[in-house]
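The block underneath contains the structure these notes are about, expressed in C-alpha cells.
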Amino acid sequence: ILPFLDLILFDLKHMHWETHQRLTGVSNERILMNLEELANGDAEILIRIPVIPGCNDDDEHLYTAASFLASLPRKLTIELLPYHGLGAGKYRELGQDYSMMEQTAPDQESMDRAAAWFRQQDLPVRRARA
C-alpha cells in the first residue's frame with residue numbers, strides 16, 4: 001500500500017530494545033527496521049514520540065532517538081506527545097487494570113528539554129498539546 005500513502009504517522013516509544021520490550025511487551029527491532037525502510041520512500045512521515053516521565057524522557061534515550069532519526073536518509077518531522085492519563089477510563093470500561101494509573105504528565109521544562117535534543121540534530125520538532 002506504500003505507493004498509495006502520502007502521510008504515515010509513526011509512533012516511536014523507546015530506542016532501547018530491553019526497555020521497549022518491558023514497557024510494551026514487544027521488541028522494537030522490526031519497528032526500527034520498518035522506519036528505516038519507510039524513510040527511503042516518498043511519503044511524508046510524522047514521528048510521534050510520547051514523552052513519559054521515568055520511561056523515555058531521560059537524556060540518554062532522547063539523545064539516542066535524535067541521533068537515530070538524524071541518521072535516516074531524510075529529515076522527518078518529530079511530534080512530541082506529552083503523556084496523559086485519558087486512556088484510564090477506557091481500560092476501566094473494559095474491566096482491565098490500567099498499569100500507568102500513577103504516571104504523571106511531563107512538565108513544560110521536560111518537554112522543552114526533549115525538544116532541544118531533536119533540534120540539536122537539526123530535526124523539525126513540534127509539540128502536541130496536553
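One-based numbering along the sequence shown. Fair warning: this is a prediction, and the values are worked out from it, not measured in the lab.
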Next on the checklist: Ignoring hydrogens, what is the shortest heavy-atom contact between P73 and A39? Give both atom names and the distance.
Outcome noted: CG-O, 3.6 Å

Next on the checklist: Tell me every residue that passes side chain to side chain donor-acceptor pair (under 3.5 Å) with T104, counting only those two or more places apart in sequence or in another chain.
Outcome noted: none

Item to check | salt bridge (Lys or Arg N to Asp or Glu O under 4.0 Å): pairs with one or both residues in residues 14-27, sequence neighbours excluded | outcome: none

Checklist entry - Sequence neighbours excluded, which residues qualify as side chain to side chain donor-acceptor pair (under 3.5 Å) partners of E93? => result none

Determine all donor-acceptor pairs shorter than 3.5 Å in which one atom belongs to a side chain in residues 115-123; sequence neighbours excluded.
from : atom 1 : to  : atom 2 : distance (Å)
W117 : NE1    : D59 : OD1    : 3.1
D122 : OD2    : K75 : NZ     : 2.4

Next on the checklist: Applying side-chain contact (heavy atoms from CB on, under 4.5 Å), can you list everything that pairs with Q108, at least two apart in sequence or on another chain?
Outcome noted: D112, R127

Checklist entry - Can you name the residues that form a ring pair (Phe, Tyr, Trp, His ring centres under 6.0 Å) with H20, not counting sequence neighbours? => result none

Item to check | side-chain contact (heavy atoms from CB on, under 4.5 Å) partners of L94, counting only residues at least two apart | outcome: Q96

Next on the checklist: Quick test of your reading: applying salt bridge (Lys or Arg N to Asp or Glu O under 4.0 Å), list the pairs with at least one residue in residues 26-50, sequence neighbours left out, ordered by first then second residue.
Outcome noted: D11-R48

Checklist outcome for this item: Contacts of D58 meeting side chain to side chain donor-acceptor pair (under 3.5 Å) (sequence neighbours excluded), chain-then-number -> none

Checklist outcome for this item: The side chain to side chain donor-acceptor pair (under 3.5 Å) partners of R126 (sequence neighbours excluded) come to none

Checklist entry - Mind checking who shares a hydrophobic cluster with L46, ILVMFWY linked at side-chain heavy-atom distances under 4.5 Å? => result L7, L9

Checklist entry - Does N40 CG have over 12 foreign heavy atoms under 6.0 Å away? => result yes

Item to check | Counterpart residues, side-chain contact (heavy atoms from CB on, under 4.5 Å), relative to L23 (two or more places apart) | outcome: H14, T19, C55

Next on the checklist: With heavy-atom distances below 4.5 Å as the criterion, would you say the side chains of L38 and I8 are in contact?
Outcome noted: yes

